[in-house]
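The next block holds one structure in the form of structure tokens; read it before the comments.
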Amino acid sequence: MLSDVTQTTESAARDDDRQATSVAPDRRSRRRVHRAWTVAVVTFVTIIGGAAFNSLPGLLIDPLHTEFGWSRGEIGLAVSIDMALYGLTAPFAAALMDRFGIRRVVVVALSTVAAGALASVWMTASWQLMIYWGLLVGLGTGSMALAFSATVTNRWFVARRGLVTGILTAAGASGQLVFLPLCAWIVEEHGWRPASVTVALAALVVVPFVRLLMRDHPADVGLAPYGGTYVEKPAPAHGAARRTVRVLFDAARTGPFWLLAGTFAICGASTNGLIRTHFVPSAHDHGMPITAAASLLAVIGVFDIIGTVFSGWLTDRFDARRLLAVYYALRGISLLFLPMLMEPTVHPPMVFFIVFYGLDWVATVPPTLSLCREQYGEDSAIVFGWVLASHQVGAALVAFLGGVARDVFGSYDMVWYASGALCAMAALMALVIRRVREPSGVAAGLG
């Protein structure tokens, strides 16, 4: 009997030892930084490098107009092509990454952006501006839009997805904060060509990091996603692009889609198309130095991070439709006052406008995404991709029409007033979106 007890005790001890030795490596592995965070850092840096070019167009409208005599409408058309392609490429970028892999798509995208920026140094005709700035840069930056950060987050993270999404969303604003003052100084001191070369180099510098450190899937390095369990790498997807188009046609049969797309188009028109493209040349028209105007625009990038996070918190607690209505109404009112704030020097009312506009800049994203989720359920991510495309189409139209208005009227005042009226329209559109309590795919939006 004693021997049986002894054997049992020894057997239990051996089992405990085996469990201890099996747990110890897991504890050691948990103490190491997970590879997912390396991939997230590379993604953050890549988005910053790709965002460098987005800081440039507004700074170059006056220099290109002076050197080549091109109208602001012609220059605005090139910017509008870039913005439109950025938006229209985004819904298909995830499909490209599923088919060919994240690393290949991003390397090609960065190289395309760099090629467009470098080629513009030797351009002599406005049609070349359309090709280099519009076509090449638009396709390149569109392939690194929200689909890039969303794909990385979904594949590499199970835990901390919200945190990682917020960090990667902030990368674009961080790029604007870094490159706007730098490029403005280069343009003023050395001309527009060195600034164009700078943003090309910023894209190329990131390529080796993507090649060496980026991986398409955790299974490529034998890891589970951060906070999750190991899953095999899926086979390359061949039907994602077809699904993207199918969801568009299904959603287009519903009223809420057009209201969401319409409000977000006005959002893009009043941010990327209007302020990002035309604020600096408008301020310069009133005697403000380009560097000072660009620095004000960079400050917007700081406050839009704060505004987006706070808007997400509000979206969890209040009706998303009413939030959108408030955001657009306040934005419209601020634009109506902007012509009175333009002066040669920076003064407190202008600083207040910049801070307010920064807080409101992308505050519309969380409630818009929430309404897409409410209306379209499992298809909401793809629907949001198309709503984002409308955002960029709206931005493209105003980037072009704003330049035309400046040529025709001799100032941007009419552009600010018209945009304020559009924002008032967006506020009304947001209020008439009907609520859906229990969404079920795109069918939930049918009515």
Side-chain angles (χ1 to χ4, degrees), residues 33-56 82-83 85-87 89-118 136-157 160-161 163-180 182-183 196-218 220-221 225-226 272 298 301 304-305 308 362 385 388 392:
V33 177
H34 195 284
R35 180 66 176 269
W37 293 108
T38 301
V39 173
V41 170
V42 173
T43 304
F44 186 90
V45 174
T46 302
I47 294 173
I48 288 178
F53 186 86
N54 292 331
S55 304
L56 199 57
D82 164 49
M83 290 181 175
L85 285 176
Y86 177 97
T89 302
F92 296 96
L96 290 173
M97 291 176 186
D98 287 340
R99 177 68 180 87
F100 300 105
I102 298 174
R103 185 165 54 170
R104 289 181 183 178
V105 172
V106 172
V107 167
V108 172
L110 287 168
S111 302
T112 303
V113 171
L118 279 175
L136 293 179
V137 175
L139 290 174
T141 54
S143 298
M144 295 182 295
L146 290 178
F148 176 36
S149 58
T151 302
V152 169
T153 303
N154 291 340
R155 289 187 184 181
W156 280 90
F157 291 86
R160 309 293 186 191
R161 276 182 176 172
L163 173 64
V164 175
T165 300
I167 292 172
L168 296 182
T169 301
S174 301
Q176 177 176 306
L177 182 63
V178 171
F179 283 101
L180 258 174
L182 174 63
C183 289
S196 191
V197 172
T198 298
V199 299
L201 292 177
L204 289 176
V205 163
V206 181
V207 170
F209 293 96
V210 175
R211 290 285 301 168
L212 294 174
L213 300 175
M214 177 66 70
R215 292 296 181 269
D216 294 331
H217 196 277
D220 289 340
V221 288
Y226 181 82
N272 292 352
D304 76 2
I305 299 171
T308 305
V362 288
L388 176 65
Q392 292 304 113

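- For the pair Leu85 and Gln392, the minimum side-chain heavy-atom distance is 4.5 Å or more.
- Here the rule is side-chain contact (heavy atoms from CB on, under 4.5 Å) with Leu201, and of Val197, Val199, Thr198 only Val197 fits it.
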List the steps, then state whether side chain to side chain contact (heavy atoms under 4.5 Å, CB included) holds for Met214 with Thr38.
-> CA-CA 8 Å; Met214 177 66 70; Thr38 301; over 6 Å; no
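- Taking the side chain as every heavy atom from C-beta outward, His217 and Trp156 never approach each other to under 4.5 Å.
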Side-chain atoms of residues 100-112: list all donor-acceptor pairs with protein atoms under 3.5 Å, sequence neighbours left out, distances to 0.1 Å.
unit_1	atom_1	unit_2	atom_2	d
Arg103	NH1	Arg211	O	2.8
Ser111	OG	Val107	O	2.8
Thr112	OG1	Val108	O	2.7

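- Not a single donor-acceptor pair under 3.5 Å links the side chain of Thr141 to the backbone N or O of Tyr86.
- Each of Val42, Val39, Val41 was compared with Leu213 under the side-chain contact (heavy atoms from CB on, under 4.5 Å) criterion, and only Val42 meets it.
- Here the shortest heavy-atom pairing between Asp82 and Val137 reads OD1-C, 3.6 Å.
- Side-chain atoms of Arg155 never come within 3.5 Å of backbone atoms of Pro218 as a donor-acceptor pair (strictly under, hydrogens ignored).
- For Thr89 against Gly138, the heavy-atom pair with the smallest separation is OG1-O, 4.5 Å.
- For Trp37 and Tyr226, the ring centers are positioned less than 6.0 Å apart.
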